[in-house]
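Accompanying notes for the structure given below.
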Amino acid sequence: MPYNKDAVQNQYYKEPGPKLDKESPFESMMERFRFAADLLELDDGTFKTLAQPVRQISVSIPVVMDDGSIEVFEGIRVIHDNSLGPSKGGIRYAPDVTMDEVKALASWMTWKCAVVNVPFGGAKGAVRCNPRQLSVRELENVTRRYTAELLDVFGPDQDIPAPDMNTNEQVMGWIMDTYSMHARKAQTAVVTGKPLLLGGSKGRKEATGRGAVTLVLAALNKIGIMPGKATIAIQGFGNVGSVSAKLMYEQGARVIAISDVSGGYYNKQGIDISKAIEYRDKNNGSLEGFDGADKISNSELLELDCDVLIPAAKEDQINRKNAENIKAKIIVEGANGPITANADSILDDKGILIVPDILANAGGVTVSYFEWVQDRQGYFWTEERVNRRLNRMMKDAFDLIYKEKDRYNITLRQAAYVYAINKVARVLKMRGVYG
Ligand code: NAD
């Protein structure tokens, strides 16, 4: 039967769910996947294989609630690809999460791991629940039963979860404990993002921001701007945004604007980032009322005249409505999917160098890989060693993808997808089809 790419893609995303509008990150990702597949002249069989996850599992999670009633939650785990090694990807707890969203996020992980040359495939998991409405005991029971239902899926050599939206070190600790109790031995390498005492890695918390900053420096170097002369604007002041701000500030760069949900903060002379972090930590995690800068809106921040813009908050922030107004010379995507596919071409026409999310925020998965290696070796590295190796892997990945960009005369984003998809496709070819 003749094969039709559109039909396969439509089948892959047949139930778009609330977030999948035309400018959603997942639709954007599929558009970029299609571009790379066309450029690589991927054969239909490989395209079909990569457009579908290898496994998608849905489990029921019955939990005795604090009031004695039984509630049943839906748990999901999707393994998009495991041809390069065990699959890797976070678990999110959210009330509106759908199987299609998890499928798309799992494929995103495949490309991310391939780009930074981490020997993992891609996966993602979720429990459809509202963690804010659950007590700690209920949350623990949800986590333990979800893990128990997936005992034959998870494993240090099979599939390795990590934290994502609304899950944290404690949740990873419960997963590790549940898995280990059934294995009758401590199995630290079954999850990453664990507390240090349970086999976590030094440097993991700062890894995504640190990796992004390595790439800011590499990109500045490409356009001939010294870090000490650069002006930076950062959207989002959480884990990724504040670490990026702190490290750029330490490089001597002028961080002229930062922001969080409370709005943007602008100071042409540069913001004292240690003061901003201190203020946020004393102020319930919020920058509201920070007086080291003038108040601006989040959309004004995105449109500031600066050398580097780091969107590190959420998806779809730069889209076809505001792309024309962006003035930064470089954009480093700390967040996942902050630029829609529609905005890409507008920004490219303006000559803006975009370091794409699957490269720019891969520092997190890289140090997760280090955590897994350390757990398996039973030998733990100093923070200095973690950071040095992270910097090297990020810089090597940047150089590699930059070469691909020049080779095909395409954008850095297209080059990242081309490199990742080509790599996984070659592995699939070498392994052949069993059965
Ligand atoms: P976080 O929750 O620690 O911080 C998010 C920040 O964004 C907060 O300061 C919040 O106030 C701010 N924010 C939310 N909505 C905003 C808005 N509309 N305008 C401006 N600011 C807004 O999250 P994080 O871990 O820093 O993650 C940020 C992004 O990076 C997400 O897209 C995440 O998926 C991605 N990411 C994170 C990691 C990681 O290791 N933490 C790894 C890869 C990708």
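Numbering of ligands and ligand atoms starts at 1, following listing order. Residues: numbered from 1 along the sequence shown.
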The atoms of ligand 1 lying under 4.0 Å from a heavy atom of K314, numbered in the order shown, are 15 (N), 16 (C), 18 (N)

Nearest protein heavy atom to atom 40 (O) of ligand 1, by residue and atom, and its distance? T208 OG1, 2.7 Å

Aromatic Y402 / basic K222 pairing, under 6.0 angstrom, 45° off normal: yes

Is any N or O atom of F237, backbone or side chain, closer than 3.5 Å to an N or O atom of ligand 1? yes

Could you establish whether G364 and ligand 1 come within less than 4.0 Å of each other, counting only heavy atoms on the residue side? no

Regarding T231 and R254, is there a side-chain donor-to-acceptor distance under 3.5 Å anywhere? no

Proximity to ligand 1 by part of M165, non-hydrogen separation under 4.0 Å: neither

What atoms in ligand 1 come closer than 4.0 Å to a heavy atom of S259? 20 (C)

Are N284 and S286 close enough that a side-chain donor and a side-chain acceptor fall under 3.5 Å? no

Within ligand 1, which atoms have a heavy atom of D260 less than 4.0 Å away? 9 (O), 11 (O), 20 (C), 21 (N), 22 (C)

Does either side chain, that of D159 or that of S87, offer a donor lying less than 3.5 Å from an acceptor on the other one? yes

Is atom 32 (O) of ligand 1 less than 4.0 angstrom from at least one protein heavy atom? yes

For K202, is there an ion pair with E384 - N to carboxylate O distance below 4.0 angstrom? no

Check ligand 1 against A335 and write out every atom of the ligand that is under 4.0 Å from a heavy-atom position of the residue. 29 (C), 30 (O), 32 (O), 35 (C)

Under a plain distance cut-off of 3.5 Å, with no hydrogens placed, do K314 and N336 share a side-chain donor-acceptor pair? no

Under 4.0 Å, heavy atoms only, figure out whether ligand 1 is touched by the backbone of V261, its side chain, both or neither. both

Between the side chains of T208 and N361, is a donor N or O closer than 3.5 angstrom to an acceptor N or O? no

Do the charged groups of D177 and R144 touch, with an N to O distance under 4.0 Å? yes

May I ask you to check whether T147 and T178 show a side-chain donor-acceptor distance below 3.5 Å? no

Nearest protein heavy atom with distance in Å, relative to atom 34 (O) of ligand 1: N336 ND2, 3.1 Å

For ligand 1, note which part of V240 has a heavy atom under 4.0 Å away: side chain, backbone, both or neither. both

Looking at K194 and E371, is there a salt bridge between them, counting it only when a charged N and a carboxylate O are closer than 4.0 Å? yes

Give the single entry among A212, S244, G334, A362 that approaches atom 36 (N) of ligand 1 most closely by any heavy atom. G334

Return a yes/no value: protein heavy atom under 4.0 Å from atom 23 (O) of ligand 1? no

Atom indices of ligand 1 within 4.0 angstrom of N298 heavy atoms, with elements: 19 (N), 20 (C)

Side chains of D272 and Y279: any donor to acceptor distance under 3.5 Å? no

Identity and separation of the nearest protein heavy atom to atom 4 (O) of ligand 1: G238 CA, 3.2 Å

Between A312 and ligand 1, which residue portion shows a heavy-atom distance shorter than 4.0 Å: side chain, backbone, both, or neither? backbone

Top protein contact for atom 25 (O) of ligand 1, by heavy-atom distance: N239 CB, 3.6 Å

